[in-house]
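The model shown is predicted, which means the values in this text are computed figures rather than measured ones. Note: hydrogens, waters and symmetry copies are ignored here, and every other heavy atom, side chains too, is used.
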Amino acid sequence: MPADSLAAHLPLLNDYQQRFPLCPEPFAAIGAAHGLTPAAVLDLYRRWQADGLFTRIGPVVAPHRAGTSTLAALAVPDERLDAVAAQVSAYAEVNHNYEREHRWNLWFVATAPDAAHLAGVLARIANETGCPLLELPLQTAYHIDLGFDLAAPPGRRPAAPATGGAPACALDGIDRALLGALADGLPLCERPYAPVAAAAGVSEAWLLSRLAEWLDSGLLKRFGVVVRHHELGYVANAMCVWNVPEERIDALGRELAREPGVTLCYRRRRQMPDWPYNLYCMIHGRSREGVLQLRDALAGRTGLDRHPGQVLFSRRRFKQCGARYQLSAGACHD
């Protein structure tokens, strides 16, 4: 899509990352707010999705609220990286899979309905690939998955409460079926909630009410457009990690989460002796140099430059999709 067309309608991509309408005809509601017909709105979203600017319109579930998940990494010989990445991406439980600049070079997120299922997936990946594996579960979220502002100049965010690894919600079969029906996002049609409701075996009105309840309860971090940073010009991204004393990590994590340019910030469990780092943030930028400058500036302001750290730039994206929560015990591959 031409850049001027995207710029003219950027609010449709940017503003609805968090506030996508929960009503029977959401594209008509968006059109009414922006002086466009429902058909024109649908055409824009269809073209943007075809161009890879966003993956889906759907839910982003809060960590550990509907199942369990972990960040994991493999140390893969360079000559085997493509083959091992394909093995890992083949698992339905894996929703993100990236190459990063480090000896631990393949980083992925795996999500499963329960801890036993997740442990089995990680064990099979380690066994099938024959590669050393790090398991780095989330311990505290300081700032995570509230969208990516494409329009506003960066500025310091207000402090937000840190959230720990809350126990998973006791979702019943209907709720799990609904999450499964939403895994690939809403269909781009006039009444997108209706076919999702039918697939989950519920009414459209019940589905809309349930989504609102999930947002209010915090089960969902947001419901809306899930954008792709790289395709929107943020071609450099780095995972920045530090080894921070336990007594300082919460204060530093909250401070880091307020820094402009930090898109994610969280505490993860160390895995000694191979991985001593416990504080993480993600920085996205339009150039490698810009990301490094921002990282150094924020580390200086927060005092993090006094602690050992590393910067792991992303090289390749092998997989990026929504997490799968509706899986049978034996469902390991797409």
Open item on the list: Return the CZ to CG distance between Arg267 and Asp250, rounded to the nearest 0.5 Å.
Closed with: 6.0 Å
TODO: Check Ile283 against Cys240 and note the closest heavy-atom contact, atom names and distance.
DONE: CD1-SG, 3.9 Å
- [ ] Salt-bridge test for Arg46 and Asp51: reply yes if a basic N is under 4.0 Å from a carboxylate O, no otherwise.
- [x] no
Open item on the list: Please evaluate residues Leu215 and Glu213 with respect to the criterion side chain to side chain contact (heavy atoms under 4.5 Å, CB included), reporting the C-alpha separation (whole Å), side-chain torsions for both, the decisive distance (0.1 Å), and the verdict.
Closed with: CA-CA 5 Å; Leu215 287 165; Glu213 290 174 7; over 6 Å; no
Task: Validation row: Arg316, Asp82 side chains within 4.5 angstrom (heavy atoms) - done: yes
Task: Flag for Asp296-Gln293: side-chain donor and acceptor within less than 3.5 Å - done: no
Task: Atom pair CG (Leu252) and CD (Glu255), whose distance is rounded to the nearest 0.5 Å - done: 8.0 Å
Open item on the list: Tell me if a side-chain donor or acceptor on Arg222 pairs with a main-chain N or O of Val225 at a distance below 3.5 Å.
Closed with: yes
Open item on the list: According to salt bridge (Lys or Arg N to Asp or Glu O under 4.0 Å), does anything in residues 178-193 pair up with another residue at least two apart or in another chain? List the pairs.
Closed with: Glu25-Arg191, Asp184-Arg324, Arg191-Glu204
Open item on the list: Return the CD1 to CH2 distance between Ile249 and Trp242, rounded to the nearest 0.5 Å.
Closed with: 11.0 Å
- [ ] Identify whether Val235 and Met239 are in the same connected component of the hydrophobic contact network (ILVMFWY, side-chain heavy atoms under 4.5 Å).
- [x] no
Task: Within residues 67-76 or reaching into it, pairs that qualify as salt bridge (Lys or Arg N to Asp or Glu O under 4.0 Å) - sequence neighbours excluded - done: none
Open item on the list: Please enumerate all residues that pass side-chain hydrogen bond (donor to acceptor under 3.5 Å, both in side chains) together with Arg315, with sequence neighbours excluded.
Closed with: Glu99
Open item on the list: Run Phe27 and Tyr45 through ring pair (Phe, Tyr, Trp, His ring centres under 6.0 Å) and show every step you take.
Closed with: CA-CA 9 Å; Phe27 300 108; Tyr45 279 117; 5.6 Å; yes
Task: Heavy-atom closest pair, residues Leu256 and Cys281 - done: CD2-CB, 3.8 Å
- [ ] Examine Phe223 and Val202 and state if one hydrophobic cluster contains both, with Ile, Leu, Val, Met, Phe, Trp and Tyr joined whenever side-chain heavy atoms are less than 4.5 Å apart.
- [x] yes
- [ ] Looking only at non-hydrogen atoms, find the nearest pair between Leu279 and Cys265 and report the distance.
- [x] CD1-SG, 4.4 Å
Open item on the list: Does Arg268 qualify as a cation-pi partner of Tyr277, given the criterion of NZ or CZ under 6.0 Å from the six-membered ring centre and within 45 degrees of its axis?
Closed with: no
- [ ] For the residue pair Asn105 and Leu312, establish whether any side-chain heavy-atom pair is separated by less than 4.5 Å.
- [x] no
Open item on the list: Rounded at 0.5 Å granularity, tell me how far NE2 in His9 sits from CG in Asn14.
Closed with: 14.5 Å
Task: hydrophobic_cluster_shared for Tyr98 and Val76, side chain cutoff 4.5 Å - done: no
- [ ] Indicate yes or no for a side-chain donor-acceptor contact from Thr68 to the backbone of Ala112 under 3.5 Å, with no hydrogens or angles considered.
- [x] no
Open item on the list: So which atom in Leu106 and which in Ala85 form the shortest heavy-atom distance, rounded to 0.1 Å?
Closed with: CD2-CA, 3.8 Å
TODO: Show your working on side chain to side chain contact (heavy atoms under 4.5 Å, CB included) between Leu118 and Glu93 and close with a plain yes or no.
DONE: CA-CA 8 Å; Leu118 182 62; Glu93 292 86 348; 5.8 Å; no
Open item on the list: Applying side chain to side chain contact (heavy atoms under 4.5 Å, CB included) to Ile125 and Leu74, what does each step give before you reach the verdict?
Closed with: CA-CA 9 Å; Ile125 288 174; Leu74 295 172; 4.1 Å; yes
TODO: Run the numbers on Leu53 and Val227 for side chain to side chain contact (heavy atoms under 4.5 Å, CB included), then give the verdict.
DONE: CA-CA 6 Å; Leu53 301 189; Val227 300; over 6 Å; no
Task: Shortest non-hydrogen separation from Thr111 to Ser69 and the atoms involved - done: OG1-CB, 3.5 Å
Task: Spacing of NE2 belonging to His284 relative to CG belonging to Leu294, to within rounding of 0.5 Å - done: 12.0 Å
Task: Short side-chain to backbone donor-acceptor contact, Ser217 and Trp214, under 3.5 Å - done: yes
TODO: Could you tell me whether the side chain of Tyr16 reaches within less than 4.5 Å of the side chain of Pro21, counting heavy atoms only?
DONE: yes
Open item on the list: Whether the side chain of Lys319 engages the backbone of Tyr91 through a donor-acceptor N/O pair (distance < 3.5 Å, no angle test) should be reported.
Closed with: yes
Task: Point-to-point distance, once rounded to the nearest 0.5 Å, from CD of Gln271 to CD of Glu135 - done: 7.5 Å
Task: Matching residue for Thr70 among Leu122, Val109, Leu138 - test: side-chain contact (heavy atoms from CB on, under 4.5 Å) - done: Leu122
Task: Ring-ring centroid check Tyr142 Tyr266, cutoff 6.0 Å - done: no
Task: Heavy-atom check, side chain of Cys189 versus side chain of Leu42, under 4.5 Å - done: no
Open item on the list: For a 4.5 angstrom cut-off between non-hydrogen side-chain atoms, does Asn95 reach Phe108?
Closed with: no
Open item on the list: Under the rule for salt bridge (charged side-chain N to carboxylate O under 4.0 Å, His left out), what residues qualify as partners of Arg317, not counting sequence neighbours?
Closed with: Glu231
Open item on the list: Any side-chain to backbone donor/acceptor pair from Trp104 onto Glu101? Under 3.5 Å, distance only.
Closed with: no
Task: Any pair counted as ring-ring contact (aromatic ring centres under 6.0 Å, His included), so long as it reaches residues 297-321, sequence neighbours left out - done: none
Task: Minimum side-chain heavy-atom gap Trp107-Leu136 below 4.5 Å - done: yes
Open item on the list: For the backbone of Arg270 and the side chain of Asn278, can you confirm whether one donor and one acceptor N or O come within less than 3.5 Å of each other?
Closed with: no
Open item on the list: Could you tell me if the side chain of Ile30 sits less than 4.5 Å from the side chain of Asp15, heavy atoms only?
Closed with: no
TODO: Work out which heavy atom in Tyr193 is nearest to a heavy atom in Pro26; give both atom names and the distance.
DONE: CE1-CG, 3.8 Å
TODO: Determine yes or no for a side-chain-to-main-chain donor-acceptor pair under 3.5 angstrom, with Thr302 supplying the side chain and Leu298 the backbone.
DONE: yes
Open item on the list: Within the structure provided, determine whether Met282 and Asn237 are in side-chain contact (heavy-atom separation under 4.5 Å).
Closed with: yes
Contacts table for residues 55-62: side-chain donor-acceptor under 3.5 angstrom, sequence neighbours left out:
from, atom 1, to, atom 2, distance (Å)
Thr55, OG1, Val226, O, 3.4
Arg56, NH2, Pro59, O, 3.4

